[in-house]
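Heads up, the thing below is written out as structure tokens.
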Amino acid sequence: MNDVIIQQISHSYGTTEVLKGIDLTIKEGEFFTLLGPSGCGKTTLLRILAGFIHPSKGRVFIGDTDITDWKPEKRNMGIVFQNYALFPNMTVRDNIAYGLKIRRRPKKEIQEQCASYMELTGLQELADRKIQELSGGQQQRVAIARALVIQPRMLLLDEPMSNLDVALRAKMREEIRAIQRKTGITTLFITHDQQEALSVSDRIAVIKDGQVLQAGTPKDIYNHPENGFVANFVGTSNLVDGPDGKTVLVRPEQMRLDRKPGEGKPVKVTDVKFLGVYYEYKAEADGKEYRIIESNPGDREEEWKPGDTGYLSVRYRGEAADESKAK
């Protein structure tokens with residue numbers, strides 16, 4: 001197995017430590033995401049994997065092979081940068097072929113590989129266009145094809161959708177995931193966007209201040225956050241008194257707002273938003289604010305309005321995060 005093993009990686013810029021003993025294993029063929037706020041160390045870790053930075057401490061392995069001291073060109077990593085780093089004076093075809101040309105591959109091989117990866121990324125009809133004639137999404141596909149055509153050990157994606165508008169981001173993340181599934185290439189994806197991470201990843205590592213706070217599947221990360229930071233970075237949460245007296249973090253969609261008392265806590269509705277597929281409510285009680293999300297059931301006789309009194313209850317799903325844990 002050619003798993004990528006990151007072993008006790010630490011790194012400092014001067015006196016500032018940006019990575020603090022990172023331990024991660026990225027499985028062969030996996031789409032793995034590093035998720036965290038700006039400045040948390042995500043890109044530094046990616047650059048260490050690519051060979052652009054040598055870690056202050058720790059080792060990097062592919063399978064049993066220690067690649068920590070290897071130069072970038074020996075690692076054969078495919079990289080898509082945030083700004084794509086395409087050559088504006090070249091055509092789409094020439095941009096994609098560039099990595100094969102500098103490796104002095106035979107002309108016939110270059111032509112065949114370029115044609116194959118232009119087909120994979122839907123760029124055949126744009127082959128002779130210059131980069132400045134392309135949209136942002138098309139440029140991104142060129143960058144992905146150029147990274148893949150060299151048949152790399154691993155694909156590294158450094159916030160590649162940060163320059164795209166919201167609608168195009170959603171489309172492109174689906175395309176990236178589809179390409180990754182077709183090729184089966186081990187992929188590391190860097191993002192600060194929780195929706196991107198949840199929608200495309202096999203597994204996610206949430207990073208803060210150079211440390212991995214939690215790693216797991218998107219479902220595990222969302223449904224079972226291990227601390228307050230993860231719970232509120234990957235979604236939002238309410239602080240609720242649990243059955244054992246501890247304050248726990250509960251997702252808005254795990255809360256229910258009723259008109260009949262039942263076992264619910266009396267609250268006053270302060271805000272109502274209709275967001276198409278769901279409603280979002282805010283309610284207050286005893287100086288605390290709660291957020292509730294309810295799926296849209298269609299037209300109904302009576303709807304909540306600010307100022308209404310309701311009864312708030314919790315539908316627990318597994319174990320909610322203990323708010324007393326590290327934030």
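Values in this document were obtained by computation on a predicted structure and should not be read as measured data.
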Practice problem: Report the residues that fulfil side chain to side chain donor-acceptor pair (under 3.5 Å) with Tyr117, sequence neighbours left out, ordered by chain and then residue number. | Solution: none

Quiz prompt | Heavy-atom pair of closest approach, residues Gln139 and Leu134 | solution = NE2-O, 3.3 Å

Quiz item: Looking at side-chain heavy atoms only, is the closest gap between Glu284 and Val267 below 4.5 Å?
Solution: no

Quiz item: Considering all heavy atoms of both residues, which atom of Pro72 and which atom of Gly51 are nearest to each other, and what is their separation?
Solution: CG-O, 3.4 Å

Practice problem: Please assess Asn2 against Thr186 for the test side-chain contact (heavy atoms from CB on, under 4.5 Å), listing each intermediate value before the final yes or no. | Solution: CA-CA 9 Å; Asn2 289 316; Thr186 307; over 6 Å; no

Quiz item: Are Asp209 and Lys20 ion-paired here, with the side-chain N under 4.0 Å from a carboxylate O?
Solution: no

Quiz item: Just by distance, do the side chain of Thr183 and the backbone of Gln180 share a donor-acceptor pair under 3.5 Å?
Solution: yes

Exercise. Would you mind reporting whether Leu188 and Leu155 have side-chain heavy atoms less than 4.5 Å apart?
Key: no

Quiz item: Under 6.0 Å between the ring centres of Phe32 and Phe189?
Solution: no

Practice problem: Take Thr44 and His11, measure what side-chain hydrogen bond (donor to acceptor under 3.5 Å, both in side chains) needs, and give me the verdict at the end. | Solution: CA-CA 8 Å; Thr44 297; His11 191 69; over 6 Å; no

Exercise. Establish whether Leu34 and Ile62 are linked, either directly or via other cluster members, by ILVMFWY side-chain heavy-atom contacts under 4.5 Å.
Key: yes

Practice problem: Please check if any side-chain donor atom of Asn227 sits under 3.5 Å from a side-chain acceptor atom of Gln214, or the reverse. | Solution: no

Practice problem: Could you tell me whether the side chain of Pro297 reaches within less than 4.5 Å of the side chain of Tyr278, counting heavy atoms only? | Solution: no

Quiz item: Rounded to the nearest 0.5 Å, how far apart are NE2 of His54 and CD1 of Ile48?
Solution: 9.5 Å

Quiz item: Under the 3.5 angstrom rule, does the side chain of Tyr222 hit a backbone N or O of Ala231 as a donor-acceptor pair?
Solution: no

Self-check item: Thr270 (side chain) donor-acceptor with Lys282 (main chain) under 3.5 angstrom
Solution: yes

Self-check item: Distance (rounded to the nearest 0.5 Å) between Arg173 CZ and Ser201 OG
Solution: 10.5 Å

Quiz item: CG/Asp271 to CH2/Trp304 distance, rounded to the nearest 0.5 angstrom?
Solution: 14.0 Å

Practice problem: Calculate, to the nearest 0.5 Å, the distance between atoms CG and OG1 belonging to Leu239 and Thr247 respectively. | Solution: 6.5 Å

Exercise. Please tell me if the side chains of Val272 and Glu303 come closer than 4.5 Å, counting only heavy atoms from C-beta onward.
Key: no

Practice problem: Look up atom CD1 in Ile204 and atom CD in Gln194, then write down how far apart they are to the nearest 0.5 Å. | Solution: 9.5 Å

Quiz prompt | With Tyr98 via ring pair (Phe, Tyr, Trp, His ring centres under 6.0 Å) - residues at least two apart | solution = Phe87

Self-check item: hydrophobic_cluster_shared for Tyr279 and Leu257, side chain cutoff 4.5 Å
Solution: yes

Exercise. Flag the pair Leu312 / Met255 as yes when at least one side-chain heavy-atom distance between them is below 4.5 Å, and no otherwise.
Key: yes

Practice problem: Would you check if Ile6 and Thr25 make a side-chain contact, meaning some heavy-atom pair closer than 4.5 Å? | Solution: no

Practice problem: Of all the heavy-atom pairs spanning Ile221 and Ala215, show the shortest one and how long it is. | Solution: CD1-C, 4.0 Å

Quiz item: Can Glu159 and His192 be counted as having a side-chain donor-acceptor contact under 3.5 angstrom?
Solution: yes

Quiz item: Is there a donor-acceptor contact under 3.5 Å from the side chain of Arg146 to the main chain of Gly78?
Solution: no

Quiz item: After noting the C-alpha distance and the side-chain angles of Leu120 and Leu148, does the key distance pass the side-chain contact (heavy atoms from CB on, under 4.5 Å) rule?
Solution: CA-CA 10 Å; Leu120 177 69; Leu148 290 174; 4.2 Å; yes

Self-check item: Ser12 side chain vs Gly14 backbone, donor-acceptor pair below 3.5 Å
Solution: no

Quiz item: Okay, side chain of Arg75, backbone of Leu49: is any donor-acceptor separation there less than 3.5 Å?
Solution: yes

Quiz item: Is any NZ, NE, NH1 or NH2 atom of the basic residue among Arg129 and Glu133 found under 4.0 Å from an Asp or Glu carboxylate oxygen of the other?
Solution: no

Quiz item: So do Val234 and Pro225 actually touch side chain to side chain, heavy atoms under 4.5 Å?
Solution: no

Quiz item: Looking at Asp158 and Lys42, does any basic side-chain N land under 4.0 Å from a carboxylate oxygen?
Solution: no

Exercise. Answer yes or no: does atom CD of Glu125 have more than 12 heavy-atom neighbours from other residues, nucleotides or ligands under 6.0 Å?
Key: no

Practice problem: Could you tell me whether Lys74 and Asp69 have a side-chain N and a carboxylate O separated by less than 4.0 Å? | Solution: no

Exercise. State, with a plain yes or no, whether a side-chain heavy atom of Val92 is found less than 4.5 Å away from one of Ile96.
Key: yes

Quiz prompt | Verdict with reasoning, Thr68 to Asp66, per side-chain hydrogen bond (donor to acceptor under 3.5 Å, both in side chains) | solution = CA-CA 6 Å; Thr68 313; Asp66 186 342; 2.6 Å; yes

Self-check item: N-O pairing of Lys265 and Asp258 below 4.0 Å
Solution: no

Quiz item: For the residue pair Ile110 and Ala97, what are the closest heavy atoms and their distance?
Solution: CG2-CB, 3.7 Å

Quiz item: Can you check whether Glu109's main-chain N or O pairs, donor with acceptor, with Glu112's side chain at less than 3.5 Å?
Solution: no

Quiz item: Among the clusters formed by ILVMFWY side chains lying less than 4.5 Å apart, do Leu157 and Val142 turn up in the same one?
Solution: yes

Quiz item: Do Arg103 side-chain atoms and Gly99 backbone N/O form a donor-acceptor pair below 3.5 Å?
Solution: yes

Self-check item: Pair Asp3 + Lys27: basic N to acidic O under 4.0 Å
Solution: no

Quiz item: Linking I/L/V/M/F/W/Y whenever any side-chain heavy atoms sit under 4.5 Å apart, do Leu126 and Ile131 land together?
Solution: yes

Quiz prompt | Taking every non-hydrogen atom, the tightest pair across Gly136 and Leu168 | solution = C-CD2, 4.5 Å

Exercise. Test Asp165 against Lys171 for salt bridge (charged side-chain N to carboxylate O under 4.0 Å, His left out), laying out the working first.
Key: CA-CA 10 Å; Asp165 62 47; Lys171 181 176 183 292; over 6 Å; no

Self-check item: Summary of side-chain hydrogen bond (donor to acceptor under 3.5 Å, both in side chains) pairs that have at least one residue in residues 287-296, sequence neighbours excluded
Solution: Thr236-Arg291, Glu280-Arg291, Tyr281-Glu294, Glu294-Arg300

Exercise. Using atom types as modelled and distance alone, determine if a side-chain donor or acceptor of Arg153 lies under 3.5 Å from a backbone N or O of Met77.
Key: no

Quiz item: Are the side chain of Asp94 and the backbone of Met90 linked by a donor-acceptor contact shorter than 3.5 Å?
Solution: no

Quiz item: To the nearest 0.5 Å, how far apart are CZ in Arg177 and OG1 in Thr187?
Solution: 8.0 Å

Quiz item: Does Lys268 pair with Asp308 as a salt bridge, N-O distance under 4.0 Å?
Solution: no

Quiz item: Is it the case that one hydrophobic cluster holds both Tyr13 and Leu19, taking links as side-chain heavy atoms less than 4.5 Å apart, direct or via other members?
Solution: yes

Self-check item: Candidate pair Met154 and Val4, rule side-chain contact (heavy atoms from CB on, under 4.5 Å), full reasoning
Solution: CA-CA 9 Å; Met154 187 176 186; Val4 178; 3.7 Å; yes

Quiz item: Going through the checks in order, is the side-chain contact (heavy atoms from CB on, under 4.5 Å) test met by Val212 and Ile22?
Solution: CA-CA 7 Å; Val212 174; Ile22 300 286; 3.7 Å; yes

